[in-house]
Amino acid sequence: MKTNMYSIEIANIVKQFLTEDSWNFSFDEEHGIFKFGLRIKGKIHSLKYFISIRTNEIIVYGICPIGVDEEDNKMMMEMAEFLHRVNWGLRNGCFEFDFRDGEIRFRSYIDCDKTLPSIESIKNSIFCTAAMFEKYGAGITSIIFAEGYAQEAIAMCEKKYEEELYSILSEIGDSDLAAMMTRQAEITEEGADGEKLPSEEIPKVHMDLFGEKKTEVE
């Protein structure tokens with residue numbers, strides 16, 4: 001049987017981080033894919049992760065447990081516009097939207113060409129994904145469940161983000177701008193503290209990332 005090529009050395013570094021940080025994960029040795037779940041704050045309560053190890057790169061996918069009704073053209077168009085607006089200007093990673101079935105995911109990437117990834121870069125890729133769903137999850141759910149519009153949804157998310165930033169500034173005072181920026185960077189890049197999901201509680205998703213679409217992934 002043909003298998004995907006991947007770097008065992010890179011896989012071992014990812015496995016080291018997940019093990020030492022007490023994550024509940026599984027590893028597909030044939031294809032080089034880690035799978036685990038994470039509880040997050042906000043309207044979307046949990047994510048399912050796939051970390052794909054390649055020969056010279058790591059790709060981290062965070063899969064949203066809810067999707068858009070692919071038969072609802074208006075909802076599909078509003079979500080596509082919303083995610084497109086969100087992606088504009090993102091420094092690390094992007095949201096992806098599957099027009100075939102309405103699935104939403106966030107993808108981040110670590111370049112390992114002629115170098116090995118640091119533990120910190122792996123951690124940041126995982127929590128950056130969580131932070132994006134925490135920041136924009138309310139917009140996603142407003143479109144899916146409340147027939148919201150893209151521009152209104154993103155304005156709501158950005159307003160909440162600005163309010164959180166103002167709250168942080170109020171807490172520490174105007175004189176400590178450097179400390180404020182450091183704290184806000186931690187929130188943006190890593191997200192709030194997430195709870196690792198036991199493997200039996202990881203939500204199922206209806207996607208095979210590297211093959212044909214399936215009803216669900218076991």
Side-chain angles (χ1 to χ4, degrees), residues 33 35 37-52 57-110 124-165 184 187-192 194 197 202-218:
I33 302 172
K35 302 177 184 179
L38 180 68
R39 292 193 194 281
I40 62 175
K41 296 179 180 179
K43 295 293 186 180
I44 296 173
H45 301 302
S46 63
L47 300 175
K48 185 167 185 178
Y49 279 82
F50 291 84
I51 299 183
S52 175
E57 63 187 15
I58 300 172
I59 303 177
V60 178
Y61 297 96
I63 312 295
C64 183
I66 56 175
V68 178
D69 180 359
E70 68 273 19
E71 296 183 357
D72 188 327
N73 290 331
K74 176 184 176 297
M75 187 184 298
M76 291 287 286
M77 292 304 102
E78 292 296 335
M79 186 62 74
E81 179 183 344
F82 173 77
L83 296 177
H84 184 77
R85 289 177 179 273
V86 169
N87 281 339
W88 175 257
L90 289 185
R91 294 181 300 168
N92 179 22
C94 65
F95 280 96
E96 297 181 335
F97 183 44
D98 195 331
F99 272 81
R100 293 173 294 180
D101 61 10
E103 187 171 83
I104 301 166
R105 69 186 186 186
F106 189 87
R107 171 178 54 81
S108 60
Y109 167 86
I110 303 174
N124 286 345
S125 290
I126 293 172
F127 285 105
C128 174
T129 298
M132 291 297 100
F133 277 103
E134 288 180 347
K135 181 176 180 180
Y136 295 106
I140 292 173
T141 55
S142 72
I143 293 173
I144 294 176
F145 298 117
E147 299 183 352
Y149 292 92
Q151 293 190 47
E152 295 174 357
I154 198 165
M156 173 182 62
C157 295
E158 296 295 345
K159 181 180 179 181
K160 183 175 183 294
Y161 176 78
E162 291 174 1
E163 289 174 349
E164 291 175 350
L165 183 62
Q184 187 60 29
I187 293 174
T188 302
E189 296 298 329
E190 297 185 4
L197 288 177
I202 296 175
K204 296 182 185 239
V205 293
H206 57 286
M207 179 171 187
D208 178 358
L209 293 173
F210 308 100
E212 296 297 323
K213 289 283 181 174
K214 296 180 180 179
T215 302
E216 59 183 20
V217 175
E218 296 294 341

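Here the structure is a predicted model, which means the values were calculated and not measured. Here, residue 1 is the first one in the sequence, and each next residue gets the next number.
Expressed to the nearest 0.5 Å, how far CD1 of Ile40 lies from NZ of Lys135 amounts to 14.0 Å. In this structure, Met75 CE and Asn73 CG are separated by 11.0 Å, a value rounded to the nearest 0.5 Å. Between the CG atom of Leu47 and the CD1 atom of Ile63 there is a distance of 9.0 Å, given to the nearest 0.5 Å. Note: Ser142 OG to Ile154 CD1 = 11.0 Å, rounded to the nearest 0.5 Å.
Distance alone, capped at 3.5 Å, places no donor-acceptor pair between the Glu78 side chain and the Tyr149 backbone. Checked by atom type and distance alone, the side chain of Glu134 pairs as donor or acceptor with a backbone atom of Lys41 at under 3.5 Å.
In Phe97, the CZ atom is crowded: over 12 heavy atoms of neighbouring residues, nucleotides or ligands sit closer than 6.0 Å. Shown here is Glu147, whose CD atom has no more than 12 heavy atoms of other residues, nucleotides or ligands within 6.0 Å.
Within the 4.5 Å cutoff, the side chain of Glu81 has heavy atoms near those of the Gln151 side chain. Within the 4.5 Å cutoff, side-chain heavy atoms of Phe106 are placed close to those of Leu90. Looking at Arg105 and Thr129, their side chains never come closer than 4.5 Å, going by heavy atoms from C-beta outward. Side-chain contact check for Phe133 versus His45: every heavy-atom pair is 4.5 Å or farther apart. The shortest distance between side-chain heavy atoms of Asn124 and Ile110 does not fall below 4.5 Å. Side-chain atoms of Ile140 and Ile144, non-hydrogen and from C-beta on, do get closer than 4.5 Å to each other. Considering only heavy atoms from C-beta on, Cys94 comes within 4.5 Å of Arg107 through its side chain. Using a 4.5 Å cut-off on side-chain heavy atoms (C-beta onward), Ile143 and Val68 make no contact.
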- Hey, mind stepping through Tyr136 and Glu158 against side-chain contact (heavy atoms from CB on, under 4.5 Å) and telling me if it holds? CA-CA 8 Å; Tyr136 295 106; Glu158 296 295 345; 2.9 Å; yes
- Message: Set out, in order, the CA-CA distance, both residues' side-chain angles and the distance that settles side-chain contact (heavy atoms from CB on, under 4.5 Å) for Ile104 and Phe82, then state yes or no.
- Response: CA-CA 12 Å; Ile104 301 166; Phe82 173 77; over 6 Å; no
- Message: Go through it in stages, so that I can follow the logic: the residues are Tyr61 and Lys35, the test is side-chain contact (heavy atoms from CB on, under 4.5 Å), and I'd like the CA-CA distance, side-chain angles, deciding distance and then a yes or no.
- Response: CA-CA 10 Å; Tyr61 297 96; Lys35 302 177 184 179; over 6 Å; no
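The two atoms that bring Cys157 and Ala138 nearest to each other are SG-C, 4.4 Å, heavy atoms only. Of all heavy-atom pairs spanning Ile44 and Cys64, the tightest one is CD1-SG, 3.7 Å. Of all the heavy atoms in Ser108 and Asn92, the pair that sits closest is CB-OD1, 4.1 Å.
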